[in-house]
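Working notes, structure below.
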Amino acid sequence: MSTDDDATDGTSRANVDEASGRDGTAGSDGSGGGGGHCSAPDSDGEVAEEIAVVSFERKLDTAAEIVAGIGDRYRAIDVIEYHGDVFEEHWGEYDCFVGLMASGIAMRKTAPLLDDKWEDPAIVVIDEALTWAIPITGGHHGANQVAEDLATLGAVPAMTTASEAAGKQGVEKRAKALSAHVVNGGSTVATNLAVLNDELGPVARLDGPRAVLVGDDVTVLKRNGEPGVVIGTGSVAGAGEAQFLDAWNDALAAAAADWDDVEFVATGTRKADEEGLLAAAEARGVGVVAFDRETLLDFEGPTPSRSKELIGWPGVAEASALAGGREHELVVEKRRHENAVTAAVGR
């Protein structure tokens with residue numbers, strides 16, 4: 001199954017291809033090549049969880065404003081006063097440095113420390129007026145994410161990574177949507193080039209135990225944790241963020257599950273750009289995976305839906321919950337909220 005490749009919002013989306021009794025597909029984001037690796041077992045190549053704002057003394061008030069504005073999105077956010085060896089002194093302690101300074105200072109001080117893009121911390125610079133947030137290294141490894149968060153304070157995120165510049169979803173970002181990480185980082189040069197050329201297609205999901213032989217131009221994604229549940233969702237056009245969240249919370253309660261159990265939210269490609277859905281997923285910190293019509297027809301749920309008669313699509317909530325779950329098991333059938341959003345839960 002496939003989804004919208006042109007993800008331009010802050011929420012990660014992924015293409016997923018699934019079929020009963022055959023290999024499925026899940027989304028991932030990457031860059032190609034063959035030898036690197038993402039060493040942190042909970043890393044998806046995209047997330048920064050511990051960041052440091054490096055600031056000159058005269059800018060500490062602005063640093064405090066950054067912490068107040070985005071600090072609740074991270075496991076830890078510290079403010080460190082700048083001195084000549086500050087980056088070297090704290091190298092390896094943080095996923096991302098936010099340099100509240102001129103980009104030239106940050107580049108000169110960190111360039112000698114850079115070694116491996118999969119291991120090095122990401123670096124973002126931002127000016128005192130919070131006008132520009134510029135990822136200078138590690139765009140796909142936390143810097144783009146932090147720059148997008150800084151945009152909520154008014155800064156313009158200046159993304160230069162190729163997939164984002166082209167308005168497309170690289171393999172690292174697909175990995176984030178699927179709560180997965182890239183195993184062989186070197187492969188992403190080739191696979192992200194394929195993304196740019198619209199040649200990659202969806203990510204294939206293989207459920208084991210199985211042995212797989214791949215080449216250097218195949219990016220392998222591994223899930224970050226044990227399989228959980230998938231929320232399948234549909235809606236009327238224009239449904240709001242709060243309506244999605246209420247519907248999802250109700251479905252999770254019916255499944256005796258909570259948000260820590262959720263792998264991602266699943267829907268159909270025709271709903272993948274609903275602003276309320278994407279805002280709700282971003283608010284909960286989960287990815288969105290969109291399935292095409294053919295895949296959803298393969299996983300049609302038990303509850304009748306008029307949409308099949310009218311437009312040839314099965315009920316999206318149940319079908320996407322079934323397609324997205326590793327066991328293809330429907331835990332909670334479709335529940336409707338305010339005649340605006342439907343939600344089901346699959347495993």
Completion exercise
Contacts satisfying ring-ring contact (aromatic ring centres under 6.0 Å, His included) that involve residues 236-260 (not counting sequence neighbours) are Phe244-Trp248
Exercise for the section: Please round to the nearest 0.5 Å and tell me the distance separating atom CD of Gln145 and atom CD of Glu49. Expected result: 8.5 Å
Exercise for the section: Output the distance between atom CG (Leu330) and atom CG (Leu322), rounded to the nearest 0.5 Å. Expected result: 4.5 Å
Practice task
Check which hydrophobic residues are tied to Met101 through side-chain heavy-atom contacts below 4.5 Å, counting indirect links as well, and list them.
Solution key: Val54, Phe56, Ile80, Tyr82, Val86, Phe87, Trp91, Tyr94, Phe97, Ile105, Met107, Leu113, Leu114, Ile123, Val125, Trp132, Ile134, Ile136, Val156
Handout entry: Pairwise distance NE2(His328) to CG(Asp298) - rounded to 0.5 angstrom
Key = 10.0 Å
Handout entry: Backbone N/O of Thr342 and side chain of Thr233: donor-acceptor pair under 3.5 Å
Key = yes
Problem - ILVMFWY cluster membership beyond Val124 - transitive side-chain contacts under 4.5 angstrom - result: Ile51, Val53, Leu60, Ile66, Val67, Ile70, Tyr74, Ile77, Val79, Val98, Leu100, Ile126, Leu130, Val146, Leu150, Leu153
Completion exercise
Minimal heavy-atom distance between Val332 and Ala251, with the atoms involved, is CG2-O, 3.9 Å
Practice task
Tell me, please, which residues at least two apart from Pro209 pass side-chain contact (heavy atoms from CB on, under 4.5 Å).
Solution key: none
Problem - Test log, rule side chain to side chain contact (heavy atoms under 4.5 Å, CB included), inputs Leu297 and Arg293 - result: CA-CA 6 Å; Leu297 286 170; Arg293 186 176 69 90; 3.4 Å; yes
Completion exercise
What one should report as the nearest heavy-atom pair of Ala247 and Ala343 is O-CB, 3.8 Å
Fill in the blank from the handout: So CD of Glu282 and CG of Leu278: to nearest 0.5 Å the spacing works out to 8.5 Å
Problem - Test item: Glu274 side-chain N/O and Lys271 main-chain N/O as donor-acceptor pair under 3.5 Å - result: no
Practice task
Could you note down all residue pairs passing ring-ring contact (aromatic ring centres under 6.0 Å, His included) where residues 200-231 supplies at least one of them, sequence neighbours left out?
Solution key: none
Completion exercise
All heavy atoms of Pro135 vs all of Ala147, minimum pair found to be CG-CB, 3.8 Å
Handout entry: Donor-acceptor contact below 3.5 Å, side chain Asn184 vs main chain Val218
Key = yes
Practice task
Determine the minimum heavy-atom distance between Ala48 and Cys96, stating which atoms define it.
Solution key: CB-CB, 4.0 Å
Fill in the blank from the handout: Sorted by chain and number, sequence neighbours left out, side-chain contact (heavy atoms from CB on, under 4.5 Å) with Arg347 holds for Val229, Glu327, Glu329, Val331
Problem - Qualifying salt bridge (Lys or Arg N to Asp or Glu O under 4.0 Å) pairs with a residue from residues 57-74, counting only residues at least two apart or across chains - result: Arg73-Asp149
Practice task
Can you see which heavy atom on Ala319 is nearest to which on Pro314, and at what distance?
Solution key: CB-CG, 4.3 Å
Handout entry: Note, Leu277 side chain near Ser235 side chain (heavy atom, < 4.5 Å)
Key = no
Handout entry: Nearest non-hydrogen partners of Gly234 and Ala317, listed with the distance
Key = N-CB, 4.1 Å
Handout entry: Residues that Glu333 engages under side chain to side chain donor-acceptor pair (under 3.5 Å), provided they are two or more places apart
Key = none
Completion exercise
With sequence neighbours left out, the residues meeting salt bridge (Lys or Arg N to Asp or Glu O under 4.0 Å) with Arg326 are Asp207
Practice task
Compare all side-chain heavy atoms of Ser320 with those of Leu296 and state whether any distance is below 4.5 angstrom.
Solution key: yes
Problem - Thr191 and Asp217, any side-chain heavy atoms less than 4.5 Å apart - result: no
Problem - Leu245 backbone acceptor or donor facing Asn249 side chain under 3.5 Å - result: yes
Exercise for the section: Quick one: pull up CZ in Phe299 and CD in Glu294 and give me the separation to the nearest 0.5 Å. Expected result: 13.0 Å
Problem - side chain to side chain donor-acceptor pair (under 3.5 Å) against Glu318, all qualifying residues, sequence neighbours excluded - result: Thr303
Completion exercise
So the salt bridge (Lys or Arg N to Asp or Glu O under 4.0 Å) pairs with at least one residue in residues 84-106 (sequence neighbours excluded) are none
Practice task
Only pairs at least two apart or in different chains count here, so list each salt bridge (Lys or Arg N to Asp or Glu O under 4.0 Å) that has a residue in residues 253-266.
Solution key: Arg223-Glu263
